[in-house]
There are 2 protein chains.
Amino acid sequence: MQIATWNVNSIRTRLSQVLAWLDRQGSLDVLCLQETKVVDEEFPREAFQERGYWVEVYGQKSYNGVALISRDPLEKVERGFAPLLGSVEDWDEQKRVISAVYQGIRILNLYVPNGSEVGSEKYAYKLRWLALLKQYLTVALQQKEPILMCGDFNIALEDRDIYDPKKAGEIMASEPERQALREILALGFQDAFRKFTAEPGHFSWWDYRSGGFQRNRGWRIDHQYLSPDLYEKATACWIDIEPRRAEKPSDHTPVIVTL
Amino acid sequence: MQIATWNVNSIRTRLSQVLAWLDRQGSLDVLCLQETKVVDEEFPREAFQERGYWVEVYGQKSYNGVALISRDPLEKVERGFAPLLGSVEDWDEQKRVISAVYQGIRILNLYVPNGSEVGSEKYAYKLRWLALLKQYLTVALQQKEPILMCGDFNIALEDRDIYDPKKAGEIMASEPERQALREILALGFQDAFRKFTAEPGHFSWWDYRSGGFQRNRGWRIDHQYLSPDLYEKATACWIDIEPRRAEKPSDHTPVIVTL
DNA sequence: GCAATGCTTG
DNA sequence: CAAGCATTGC
């Protein structure tokens with residue numbers, strides 16, 4: 001089984017690239033998309049359905065938005081934090097979480113806030129959101145299902161995940177963010193990518209600005225985190241940088257795990 | 001010798017399509033472009049020069065803009081109405097005219113105002129501009145050079161040039177516009193396309209809106225007009241609708257004349 | 001419907 | 001640098 005995560009930075013703009021990539025994959029089971037940037041009614045479902053894929057979406061206008069595209073039907077679809085945390089508060093004004101069960105595995109697709117700048121209001125929101133995610137996972141883990149949690153985390157957990165370790169301390173690599181993510185992983189998740197690859201220099205995102213990709217100024221901020229049973233079963237995890245070479249690419253490229 | 005006219009609706013957006021089309025033509029001598037929508041410093045000259053073409057431009061920000069791309073060098077290049085009508089008044093705030101001599105033929109590349117709606121201020125501007133063009137041609141014809149005048153005229157001269165003759169009277173087919181164009185042609189120009197093809201149903205422009213191209217709701221508003229000596233020599237004139245079928249096409253497609 | 005603009009976000 | 005938005009033009 002293969003599951004991929006890809007921040008496409010607008011599904012409407014990237015549709016042809018996503019379809020071409022899907023066609024090339026052949027054996028993909030689930031594709032988790034982030035930053036679809038479209039309300040559910042305008043998501044191009046048909047393009048995927050015509051190819052035989054199942055589609056579940058959770059989006060909004062302009063910002064954020066997540067989606068699950070799968071070969072077989074998805075079950076027990078949950079949108080946002082509310083299904084597990086309750087809807088007394090509106091956790092889900094920003095659409096950043098969608099989850100479903102695929103062949104007995106709970107797939108959790110996340111778009112973690114970017115945080116803008118360390119110390120900013122958006123940074124505070126990112127940290128609060130990560131605390132919320134921890135709560136959410138605490139509940140989710142009580143189901144005793146195997147969980148695959150993937151998406152754009154907007155956090156490079158270790159210095160080897162950044163092209164320049166001097167970036168440690170800045171946004172996406174500050175200690176509070178890393179600590180928050182470590183606490184989440186401590187609930188019982190491991191990084192599928194690091195099961196197979198230890199060296200630095202593997203990235204999933206390159207800034208559009210000032211030739212970030214050409215100069216390979218990348219960050220590994222898109223992750224596949226697995227509960228212990230799945231981590232045991234994982235046989236591969238890799239980053240496909242090909243889509244980042246396209247004309248008008250997303251700034252992110254897919255990360256794929258094989259179970 | 002082959003000369004083409006093509007309203008590309010932004011040369012920066014259409015560059016790859018224009019280059020691919022040029023590559024397919026092989027024997028093209030001069031390509032007259034309209035609606036380049038770019039200031040001269042930002043025109044992508046290099047892309048053409050690398051392929052061995054000569055480039056002359058006359059553009060502005062956002063709107064209008066014309067250019068000449070040629071296999072051999074162009075001589076006696078003139079920008080706007082001013083070179084023949086004098087610069088006491090600013091005829092050329094809108095960049096709509098460029099002209100040059102190619103192998104002894106004066107090529108005149110025009111982007112006639114659209115006119116928006118019959119009776120509007122822009123419609124009045126269109127009629128004034130056509131009167132100005134008539135004056136300009138009166139001077140130009142004194143040079144006794146053969147003249148090829150082509151471009152986007154934004155006028156369908158006869159009912160057979162529109163998908164629906166009921167459009168006669170509306171913008172691009174109103175009697176004052178047609179009369180103004182007839183007066184211009186009466187100075188000594190003939191329609192190269194109609195030398196070879198009499199039937200209706202041949203168009204060079206289809207509105208982007210409401211599936212104009214798919215329903216073949218077209219207009220023939222891009223023209224190749226020739227002075228008598230050249231008209232005599234013309235051996236073919238046709239519309240290449242292939243570029244209009246492209247992804248993200250211009251709303252116009254090229255018209256080519258062979259001399 | 002598809003360009004352009006200037007604006008905001010990442 | 002490239003999305004989104006709203007506005008303008010054709």
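Chain naming here is simple, since letters A, B, ... match the order of the sequence lines and numbering starts at 1 in each. Keep in mind that this is a model prediction, so the values were computed, not measured.
- Atom CH2 in B/Trp6 sits roughly 13 Å away from atom P in C/dA3 (whole-Å rounding).
- You'll find that the side chain of A/Ser10 is closest to D/dG4, out of D/dG4, D/dA2, C/dC2.
- With 3.5 Å as the limit, one finds no donor-acceptor pair spanning the side chains of B/Asn9 and B/Ser250.
- For the 3.5 Å distance criterion, the side chains of B/Tyr58 and B/Thr36 fail to qualify, holding no donor opposite an acceptor.
- Across all strands, A/Lys122 comes closer than 4.0 Å only to sugar-phosphate atoms, never to a base (heavy-atom distances).
- B/Arg220 CZ to B/Arg194 CZ: the interatomic distance, rounded to the nearest 0.5 Å, is 4.5 Å.
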Can you tabulate the close N/O pairs, meaning under 3.5 Å, that link protein atoms to atoms of nucleotides 5-8 of chain C?
| unit_1 | atom_1 | unit_2 | atom_2 | d |
| --- | --- | --- | --- | --- |
| C/dG6 | OP1 | B/Lys61 | NZ | 3.3 |

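- Rounded to a whole Å, the CZ atom of A/Arg244 is 12 Å from the P atom of D/dC1.
- Using a cutoff of 4.0 Å between basic side-chain nitrogens and carboxylate oxygens, A/Glu117 and A/Lys122 are not scored as salt-bridged.
- Checked against side chain to side chain donor-acceptor pair (under 3.5 Å), B/Arg215 has no partners two or more places apart in sequence or in another chain.
- Rounded to whole Å, the distance from CD on A/Glu35 to P on C/dG10 is 9 Å.
- Closest to the A/Tyr208 side chain, of the nucleotides C/dA4, C/dC2, C/dG10, is C/dG10.
- The shortest non-hydrogen separation linking B/Glu183 to B/Lys134 is OE1-NZ, 3.0 Å.
- Separating the CG atom of A/Asn114 from the P atom of D/dA3 is a distance of 17 Å, rounded to the nearest angstrom.
- The nearest heavy atom of DNA chain D to A/Pro249 and to B/Asp152 marks one nucleotide each, and the one closer to the 5' end goes with A/Pro249.
- Rounded to an integer number of Å, the gap from CG of B/Asn7 to P of C/dC2 is 16 Å.
- In the model, A/Asp152 has no side-chain atom that pairs as donor or acceptor with a side-chain atom of A/Gln34 under 3.5 Å.
- Between the P atom of C/dT9 and the CG atom of A/Asn154 lies a distance of 16 Å, rounded to the nearest Å.
- Between A/Arg14 and the phosphate of D/dA3, there is a side-chain N or O to OP1/OP2 separation shorter than 4.0 Å.
- Counting to the nearest Å, the P atom of D/dA3 and the OH atom of A/Tyr111 are 14 Å from each other.
- One can place CZ of B/Phe213 at 13 Å from P of C/dC2, the figure rounded to the nearest angstrom.
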